[in-house]
Amino acid sequence: MFALMQSTRTQSLHLAVDPATGLKAVIAIHNESAGPALGGCRYLAYPDDESAMIDAIRLAQGMTYKAALAGLPLGGGKAVIIRNPHVENRAALFEAFGRFVETLHGRYITAIDSGTSTIDMDCIAQATQHVTSTTAQGDPSPHTAMGVFAGIRSTALARLGSSNLEGLRVAVQGLGNVGFALAEQLYAAGVDLLVSDHDEGRVQLAMQQLNAKPVAAEALISTPCDIFAPCGLGSILNGQSVAQLRCAAVAGSANNQLTNLQIADQLEARGILYAPDYVINSGGLIYVALKHRGEDLSIITAHLSRIPLRLTEVYAHAQAEKRSPARVAESLAERLVYPHS
Ligand code: NAD
């Protein structure tokens with residue numbers, strides 16, 4: 001774990017257990033130089049405790065880069081609560097997690113993420129003020145989806161020569177809070193949707209409401225389309241899956257889509273334009289950060305509208321430097337986060 005912390009330049013890793021509620025949680029603080037580390041809290045099952053820590057560390061690094069490129073005065077952090085099938089009182093579990101967050105005295109600010117809800121955030125808020133995306137503040141997912149939609153337009157312009165999405169085929173992997181909201185916007189723009197989700201109910205809904213074509217989860221990645229939009233969990237782009245892709249671009253909301261940066265080079269070599277995840281999916285962070293600061297919606301919307309511009313800038317650098325957009329985004333972020341190295 002120390003080797004991973006060193007290679008990712010993670011500042012600190014915090015662990016907590018609370019036998020009374022069944023809490024087993026990790027908070028990774030990657031960087032605090034620009035401000036407190038803000039990042040979501042996942043509530044998921046993991047094969048072992050080490051995998052949960054690795055997930056938190058990798059995701060926290062992405063949050064630092066995301067905040068830096070979004071121009072927010074924040075560092076990067078992430079939390080994971082290991083899902084416990086025997087938990088009887090979910091509210092008590094999240095309140096215990098809130099007490100854990102409080103021990104860090106504002107160095108880490110938590111938020112909604114995969115497996116957690118605004119109601120869980122309300123439970124956390126019983127024990128700490130360092131929490132966003134409560135029911136009063138709202139779910140950031142629609143704002144993430146808005147940013148991804150605008151980013152898909154920029155990606156289509158850069159790769160296909162037009163930002164008009166009408167008639168394009170977009171494959172949306174994962175129809176959760178972000179994926180479904182994204183699919184709704186794509187449908188309204190005249191896109192032909194191909195969709196998959198492990199949850200059959202979500203797929204049925206997309207078929208009924210958005211005229212979406214269902215594709216088996218394992219087959220979506222190799223289904224011919226214009227844009228593949230990963231909106232499930234991370235690490236879905238590896239050597240094997242990249243070889244299967246039959247699309248012009250990958251642009252979706254999932255965090256940590258690439259298993260490593262060499263995968264970005266493979267995408268580049270195949271002529272597939274990749275929208276760096278922490279650039280295109282920054283709408284949620286922008287929303288929770290500005291909402292936590294008390295900004296009103298017009299300020300938040302103005303900030304969100306910069307996402308496609310930032311992406312266009314990354315694509316322009318990538319083309320000029322003949323490098324993958326993922327490598328360009330990382331260089332730009334590292335220059336902001338580590339100005340003296
Ligand atoms: P969610 O848990 O609401 O939805 C994820 C959906 O994807 C679920 O319905 C799940 O069944 C499905 N899924 C997972 N893996 C799949 C696969 N291989 N094939 C098909 N379906 C699959 O999560 P969400 O809030 O919509 O977030 C989606 C992704 O976007 C996550 O990686 C998250 O970290 C990232 N993200 C979310 C936000 C936000 O505001 N919610 C912000 C930034 C990034």
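Order of appearance sets the numbers: ligands from 1, and atoms from 1 within every ligand.
- For ligand 1, the atoms lying closer than 4.0 Å to a non-hydrogen atom of Asp113 are 34 (O).
- Considering Ala216, Cys231, Gly283 only, the shortest heavy-atom separation from atom 5 (C) of ligand 1 involves Cys231.
- Near Ser141, meaning under 4.0 Å from one of its heavy atoms, ligand 1 places the atoms 39 (C), 40 (O), 41 (N).
- Here the protein heavy atom with the shortest distance to atom 30 (O) of ligand 1 is Ser253 OG, 3.0 Å.
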For side-chain hydrogen bond (donor to acceptor under 3.5 Å, both in side chains), just list the numbers for Ser235 and Arg58, CA-CA rounded to whole Å, side-chain angles, deciding distance to a tenth of an Å, and then say yes or no. CA-CA 11 Å; Ser235 297; Arg58 290 198 188 287; over 6 Å; no
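- Near Arg42, the atoms of ligand 1 lying under 4.0 angstrom from a non-hydrogen atom of the residue are 32 (O), 34 (O).
- Taking a 4.0 Å cut-off on heavy atoms, Gly234 fails to register as neighbouring ligand 1.
- In terms of polar-atom proximity, defined here as any N/O pair under 3.5 Å, Gly284 makes no such contact with ligand 1.
- Ring geometry for His30 against Tyr65 counts as perpendicular: the plane angle is over 60°, on a 0 to 90° scale with 30° as the lower cut.
- Ranked by closest heavy atom to atom 31 (C) of ligand 1, the top entry among Pro142, Ser196, Ser117, Gly232 is Gly232.
- In this structure, Arg202 falls outside the shell of residues with a heavy atom less than 4.0 angstrom from ligand 1.
- Remark: minimum distance from atom 19 (N) of ligand 1 to any protein heavy atom is reached at Gln173 CG, 3.5 Å.
- Between Asp199 and ligand 1, not a single N/O pair is under 3.5 Å apart.
- The closest non-hydrogen atom to atom 4 (O) of ligand 1, taken over Gly176, Gly179, Gly40, comes from Gly176.
- Residue Thr144 has at least one nitrogen or oxygen atom sitting less than 3.5 Å from a nitrogen or oxygen atom of ligand 1, judged on distance alone.
- Annotation: atom 27 (O) of ligand 1 to nearest protein heavy atom, Val178 CG2, 3.9 Å.
- Residues Phe94 and Tyr43 bring their aromatic ring centres within 6.0 Å.
- Put simply, Val148 and Ile112 are part of two different groups of oily side chains (I, L, V, M, F, W, Y) that touch within less than 4.5 Å, one to the next.
- Here the protein heavy atom with the shortest distance to atom 8 (C) of ligand 1 is Asp197 OD2, 3.5 Å.
- Between atom 17 (C) of ligand 1 and the options His198, Lys66, Met63, the minimum heavy-atom separation is to His198.
- Here Asp55 does not pair with Lys78 in a salt bridge; the nearest charged N to carboxylate O distance is not below 4.0 Å.
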